[in-house]
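Report on the structure given below.
Heavy-atom basis, side chains included; hydrogens, waters and symmetry copies ignored. As the structure is a prediction and not an experimental result, all values here were calculated from the model.
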Amino acid sequence: MRRTAALAAVVLASAALSGCGTDFDGNGSSKARAGVADVQDRVTGVDWGPCDLEAMYEGEQLDAAATAWAEALECGSIRVPVDYEDPGGLQVRLAMVRHPATGDRTGSLLINPGGPGGSGVAMARFPFLPLEVTEAFDVVGFDPRGVGASANLTCGSADAFNAAVTEVYTDDPAAITEAETRALEDGAAAFSGECAQEEDPAFLANIGTLNVARDLEVMRSALGDDKLTYLGYSYGTYIGQMYLHLYPDNVRAMVLDGVMRTSGTVLDLAEGQATGFETAWQAFTAHCLTVEGCPFTSAATADAELTAILTQASERLGGSPSVADMLDMIAQVLYSEAKWTALERLLAAVAAGTLEQFAADLESLAGDAGGTRAAPAQPRRLPPIPLPQRDADADFYGVQCVDRDNPGRFGAYRDAAAASYGNSPLFGAGIAWSYLPCATWPASEPNPTAVDGDGAPTTLLIGNVGDPATPYAWAQSVADGLDSAVLVTYEGSGHTAYALGHACVDDPVTAYLVDLTVPAEGLTCPQELA
């Protein structure tokens, strides 16, 4: 499922570039490694200055704690090559924001909220981390290349493709018509083709995560840190794993929460995510059945009852939003356990015939990051869900499609949609179809499919048993593949767990970041619902 991000503004320097090289070994191309070293020699610091708070917060009302945090922020950037094999060629400016440590400083903590397409600059606007962390570290958010203020990637419209997916979102893929098939194929090919025409081909080819990891290494050096301390959520865990692959000796501490797998194609991701969303949906329905007023009569009938509720609501609302639109919004709500009660109330109300504000309330619930955006007096306890951005489709596909060696046949995507539909009748087919633009996306440098992190200290992984977007099995698999890793398990649902107020998770992870105290192997934390 796609996640969205924040901000705008683009800065690309001009010059011609050659494409990606093929001198690829276990740690990337030798030319790219030399290019990173050249850039580190040139980029010896970050030119920090005041942030434009009016533009950054866009009129949001901030309380005293949020205001104090905002007023301490510093904004800066570094310039890196689009292609590290040609360090003197086309350059991209990477946007960064820093909140200085408030106590005895240990170093910098670089953060990424996920996506692909999540803005670390937007994430760092509020104090969501525990006080012990913000006392010890400069919290540094950055926009990866192609995202937000770091040369935001823009493509042609994906509206036609998204409309085609909406038409078949809940249908059995074996039963879609020839016209629906053509709409899917043509819409996906048109979007990927327009993106290839509108973007510099070198930039599009080099937007993948290996280069983001190289950018991260340049940032580490420019910040003056001998070793990297990094916190990545969701897709941000993929960035962390690529860094572990390229620079294992340069890691101080790394926390990966909501772990993505590095192996497989986007279709393997789709099938895994379909299973994840089904697990999360079943957990939600089980909880709903314990609440008075739940519109479901049993777990076995919940799918059909939800479909009937949404169908009736869509018809009475004139077809907008559609059933598929509402299912997609419900899928977004499953990212956060904190929203379960509100969703249960909404569904109960619409089942009882109360449609006033239903569509608006559901859309608001799906888009809200978990509560008010004004920071409380204590550390902010919100999920790392980024803010809306102007071209989330471009950011998402620009990275996902180039990071993996994906099939080019429509039939492979139809097969994956069928398998995903079997895993999750409500959500699975839509997830698989959404990856179809990758069938015709321009190729790029291959990413490693297995990362062992040989030479790195213990990596701390966090996995939710009921995580819809990054299934728990992925965290287990990555933990098994790394030479040294500890997996902290949260027995609840929702996407990611750290800094959401679960003391069993927060306390050991914070101790690891601050003091390098590694949690006990097999630490399992019980579900905590409000």
Side-chain angles (χ1 to χ4, degrees), residues 3 27-28 36 94 96 107-120 123-124 129 133 137 139-145 147 208-221 223 225 227-263 269 384 386 399-400 403-404 447-464 467 469-470 474-488 495-499 509 512-513 516 518-519:
R3 299 278 301 277
N27 290 312
V36 170
L94 302 179
M96 304 168 67
S108 304
L109 171 65
L110 284 101
I111 59 173
N112 181 273
S119 168
M123 190 183 196
L129 292 165
V133 174
F137 293 100
V139 177
V140 179
F142 66 96
D143 285 355
R145 54 176 58 207
V147 173
T209 309
L210 270 177
N211 279 321
V212 177
R214 292 170 180 136
D215 296 341
L216 191 59
E217 170 63 1
V218 175
M219 282 185 270
R220 176 201 63 78
S221 175
L223 290 167
D225 290 5
K227 301 282 186 178
L228 175 73
T229 304
Y230 176 75
L231 168 62
Y233 293 96
S234 194
Y235 163 73
T237 71
Y238 193 96
I239 298 173
Q241 289 176 75
M242 292 302 101
Y243 190 92
L244 283 174
H245 178 75
L246 294 174
Y247 309 107
D249 294 336
N250 292 352
V251 176
R252 173 189 172 272
M254 183 171 290
V255 175
L256 306 180
D257 186 1
V259 185
M260 279 193 69
R261 59 184 289 184
T262 59
S263 60
L269 295 184
V399 175
Q400 290 282 57
D403 271 352
R404 299 172 188 273
N447 281 7
T449 58
V451 175
D452 59 21
D454 182 23
T458 300
T459 302
L460 186 56
L461 310 179
I462 307 170
N464 293 6
D467 192 317
T470 53
W474 293 358
Q476 292 175 304
S477 176
V478 171
D480 290 342
L482 291 174
D483 281 357
S484 181
V486 167
L487 174 60
V488 175
H495 184 44
T496 75
Y498 179 57
V509 175
Y512 167 81
L513 284 171
L516 299 180
V518 178

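Of all heavy-atom pairs spanning Pro457 and Pro248, the tightest one is CD-O, 4.2 Å. Considering all non-hydrogen atoms of both residues, Leu109 and Val133 come closest at CD2-CG1, 3.6 Å. In this structure, Ser234 and Gly114 approach most closely via the heavy-atom pair CB-CA, 4.2 Å. Residues Ser484 and Thr458 approach most closely at OG-OG1, 2.8 Å, considering heavy atoms. Across all their heavy atoms, Leu487 and Gly463 have their closest contact at CD1-N, 3.8 Å. When every heavy atom of Pro113 is checked against every heavy atom of Gly118, the shortest pair comes out as CG-C, 3.7 Å.
Using a 4.5 Å heavy-atom threshold, the side chains of Leu513 and Thr229 count as touching. Val509 has its side chain out of reach of Pro519: every pair of non-hydrogen atoms, C-beta onward, lies at least 4.5 Å apart. The shortest distance between side-chain heavy atoms of Val218 and Leu94 does not fall below 4.5 Å.
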Verdict with reasoning, Val140 to Met219, per side-chain contact (heavy atoms from CB on, under 4.5 Å) = CA-CA 10 Å; Val140 179; Met219 282 185 270; 5.8 Å; no

With side-chain contact (heavy atoms from CB on, under 4.5 Å) as the test, would you mind laying out the steps for Ile111 and Leu231 before giving the verdict?
-> CA-CA 5 Å; Ile111 59 173; Leu231 168 62; 4.1 Å; yes

Kindly determine whether Val212 and Val399 satisfy side-chain contact (heavy atoms from CB on, under 4.5 Å), including the steps that lead there.
-> CA-CA 10 Å; Val212 177; Val399 175; over 6 Å; no

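A donor-acceptor pair under 3.5 Å is absent between the side-chain atoms of Asn447 and the main chain of Arg404, judged by distance alone. Judged by distance alone, the side chain of Asp257 and the main-chain N or O of Ala497 form a donor-acceptor pair under 3.5 Å. Between the Asp467 side chain and the Thr470 main chain, a donor and an acceptor come within less than 3.5 Å of each other. With hydrogens and angles ignored, the 3.5 Å screen pairs no side-chain donor or acceptor of Tyr230 with any backbone N or O of Leu256. With Tyr247 contributing its side chain and Ala213 its backbone, the two residues share no donor-acceptor pair below 3.5 Å. Between the side chain of Thr262 and the backbone N or O of Thr449, at least one donor-acceptor pair lies under 3.5 Å. Counting only distance, with no hydrogens or angles, the side chain of Thr237 and the backbone of Met260 share a donor-acceptor pair below 3.5 Å. A donor-acceptor pair under 3.5 Å is formed between the side chain of Arg220 and the backbone N or O of Asp225.
Distance check, rounded to the nearest 0.5 Å: CG of Asn112 to OG of Ser119 gives 9.0 Å. Taking CH2 of Trp474 as the start and CG of Leu461 as the end, the distance is 14.5 Å to the nearest 0.5 Å. Residue Leu216 holds its CG atom at 11.5 Å from OG of Ser221, rounded to the nearest 0.5 Å. With values rounded to the nearest 0.5 angstrom, Ile462 atom CD1 is found 7.0 Å from Tyr233 atom OH. Rounding to the nearest 0.5 Å places OH of Tyr243 at 9.0 Å from CG of Leu110. One distance of note links OG1 of Thr459 with CG of Leu244; it measures 4.5 Å at 0.5 Å rounding.
Partners of Arg145 according to the salt bridge (charged side-chain N to carboxylate O under 4.0 Å, His left out) rule, which considers only residues two or more places apart in sequence or in another chain, are Asp215. For the side chain to side chain donor-acceptor pair (under 3.5 Å) test, residues two or more places apart in sequence or in another chain that qualify with Thr209 are Tyr235, Asp403. With sequence neighbours excluded, no residue forms a ring pair (Phe, Tyr, Trp, His ring centres under 6.0 Å) with Tyr238.
A side chain to side chain contact (heavy atoms under 4.5 Å, CB included) with Val451 is found for exactly one of Leu246, Leu482, Asp483, namely Leu482.
Ion pairing of Arg214 with Glu217 is absent here, as no side-chain N (NZ or NE/NH1/NH2) approaches a carboxylate O to less than 4.0 Å.
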